[in-house]
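Any value given below was found using the heavy atoms of this structure, including those in side chains, with hydrogens, waters and symmetry copies removed. Order of appearance sets the numbers: ligands from 1, and atoms from 1 within every ligand.
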Amino acid sequence: MAPRPLRLGVNIDHVATIRNARGGDHPDPVKAALMAASAGADGITAHLREDRRHIRDEDISALLAALTIPLNLEMAATQEMLHIAIRHKPHAACIVPEKREERTTEGGLDAAGQFDQLVPIVAALSDAGVRVSLFIEPDPVQIDAAIRLKAPVVEFHTGLYAHLDGTARSTELRRISDGAALAAKNGIEPHAGHGLTFDNVGPIAAIPQLAELNIGHFLIGEAIFCGLKDSISEMRRQMDLVR
Ligand code: PXP
């Protein structure tokens with residue numbers, strides 16, 4: 001199939017991580033989000049974690065007030081986060097698994113195992129006009145659960161792909177590619193993200209069914225060396241090269 005346009009969602013969580021290290025208001029995640037938009041980001045992603053370790057509640061309001069591109073709110077499947085999402089009505093909400101002690105989102109959501117808990121959350125978000133995404137492993141069992149939950153979007157966790165090399169990486173790439181084909185065949189828009197860098201984004205961006213990549217840590221880290229605009233526009237270029 002002809003590849004569809006591939007959107008870049010820039011995750012600005014780690015701008016807030018740096019801000020919070022000193023407790024003030026610099027660097028401002030909203031300023032970073034606006035700069036990301038002007039550098040070619042199609043959307044902004046922010047994860048409001050239960051412990052508020054980076055993004056805070058007031059960042060979500062400020063982002064929504066300032067942005068003219070869509071906001072994708074990453075959230076745990078809790079009542080607290082559901083109420084926040086329904087109050088703010090971001091363009092999209094990506095439901096992620098969340099463990100207090102983890103450094104970042106480790107592994108995908110067990111949509112099959114937590115099916116009953118997810119039914120009312122997905123339904124309430126959808127009723128509020130929020131586009132629901134489920135951050136899952138590219139596993140047919142999880143994709144089947146997403147279909148049954150009527151989620152319009154799944155985001156495949158690319159963390160394993162990013163950490164493997166050689167044959168193991170190729171095998172994982174195939175799993176993501178097969179997952180994207182299965183999701184698309186069933187009317188679900190597949191996205192991907194986690195651990196993507198200039199070095200590993202190409203084969204993922206080349207998967208024709210993928211509609212969006214969400215990238216954060218590498219882009220913010222690379223901005224230390226080349227600035228945020230160049231970091232994002234180079235990622236955009238690398239993605240476009242293979243589409
Ligand atoms: N997508 C989701 C659902 C995530 O939880 C994260 C990490 O916050 C990302 C994408 C971006 O991952 P990274 O920061 O490794 O690029």
Side-chain angles (χ1 to χ4, degrees), residues 6-18 20 29 32-33 36 41-56 59-60 63 70-78 81 85 90-100 102-111 118 125 130-138 142 146 151 153-164 172 176 179-180 183 188-202 204-205 210-224 228 231-232 234-236 238-239:
L6 182 60
R7 296 191 300 270
L8 171 61
V10 172
N11 181 315
I12 45 126
D13 291 351
H14 296 303
V15 177
T17 302
I18 298 171
N20 297 356
D42 301 289
I44 297 297
T45 292
H47 185 175
L48 185 67
R49 293 188 74 101
E50 288 180 273
D51 62 9
R52 311 300 198 267
R53 70 174 69 154
H54 37 58
I55 294 294
R56 300 180 185 139
D59 293 324
I60 300 299
L63 284 165
L71 179 71
N72 172 35
L73 174 70
E74 291 179 3
M75 55 173 269
T78 64
M81 289 300 152
H91 168 78
C94 180
I95 303 179
V96 300
E98 199 176 296
K99 293 191 223 98
R100 232 163 238 284
E102 70 189 354
R103 280 199 207 151
T104 181
T105 316
E106 293 165 358
L109 182 74
D110 183 6
L118 288 168
L125 287 167
V130 179
R131 196 162 190 242
V132 179
S133 168
L134 302 176
F135 188 47
I136 58 173
E137 296 293 330
Q142 300 300 339
V153 177
V154 292
E155 180 173 329
F156 294 128
H157 195 308
T158 50
L160 187 57
Y161 160 83
H163 286 107
L164 293 170
E172 183 61 10
I176 296 166
I188 295 185
E189 185 175 286
H191 299 177
H194 211 282
L196 297 176
T197 68
F198 292 156
D199 287 342
N200 66 24
V201 75
I204 295 290
L210 288 180
E212 180 174 308
L213 301 183
N214 283 298
I215 310 181
H217 184 266
F218 176 81
L219 289 175
I220 305 304
E222 188 64 14
I224 292 170
L228 191 58
S231 162
I232 292 168
E234 175 59 15
M235 185 61 83
R236 177 77 268 170
Q238 300 265 350
M239 288 162 55

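- Taking distance alone, with nitrogen or oxygen atoms compared against 3.5 Å, G195 approaches ligand 1 more closely than that limit.
- For ligand 1, the atoms lying closer than 4.0 Å to a non-hydrogen atom of V96 are 3 (C).
- T158 places no side-chain N or O within donor-acceptor distance of the main-chain N or O of Y161, the cut-off being under 3.5 Å.
- Nearest to atom 6 (C) of ligand 1 by heavy atom, out of H194, H157, H47, is H194.
- Taking every non-hydrogen atom of N11 and a distance limit under 4.0 Å, the qualifying atoms of ligand 1 come out as 8 (O).
- Partners of H194 under the ring-ring contact (aromatic ring centres under 6.0 Å, His included) rule, at least two apart in sequence or in another chain, are H157.
- Backbone and side-chain nitrogen or oxygen atoms of G216 are examined, and one is located within less than 3.5 angstrom of a nitrogen or oxygen of ligand 1.
- Of all protein heavy atoms, the one closest to atom 10 (C) of ligand 1 is E155 OE2, 3.3 Å.
- Taking all atoms of both residues into account, the shortest heavy-atom contact from F218 to M235 is CD2-CE, 3.9 Å.
- Among protein heavy atoms, the minimum distance from atom 14 (O) of ligand 1 is reached at H217 N, 2.8 Å.
- When only modelled atom types and interatomic distance are considered, R52 and N20 share no side-chain donor-acceptor pair under 3.5 Å.
- Heavy-atom separations between F218 and ligand 1 are all 4.0 Å or longer.
- Shown here are the salt bridge (charged side-chain N to carboxylate O under 4.0 Å, His left out) partners of E212, two or more places apart in sequence or in another chain: R7.
- The heavy atom nearest to atom 2 (C) of ligand 1, considering only E74, R49, H54, M75, is found in E74.
- Under the 3.5 Å distance criterion, with hydrogens and angles disregarded, no donor-acceptor pair is assigned to the side chains of N11 and T45.
- When each of I232, L8, V10 is tested with I215 by the rule side chain to side chain contact (heavy atoms under 4.5 Å, CB included), just one qualifies, namely L8.
- The ligand atoms of ligand 1 that sit less than 4.0 angstrom from a heavy atom of N214 are 10 (C), 11 (C).
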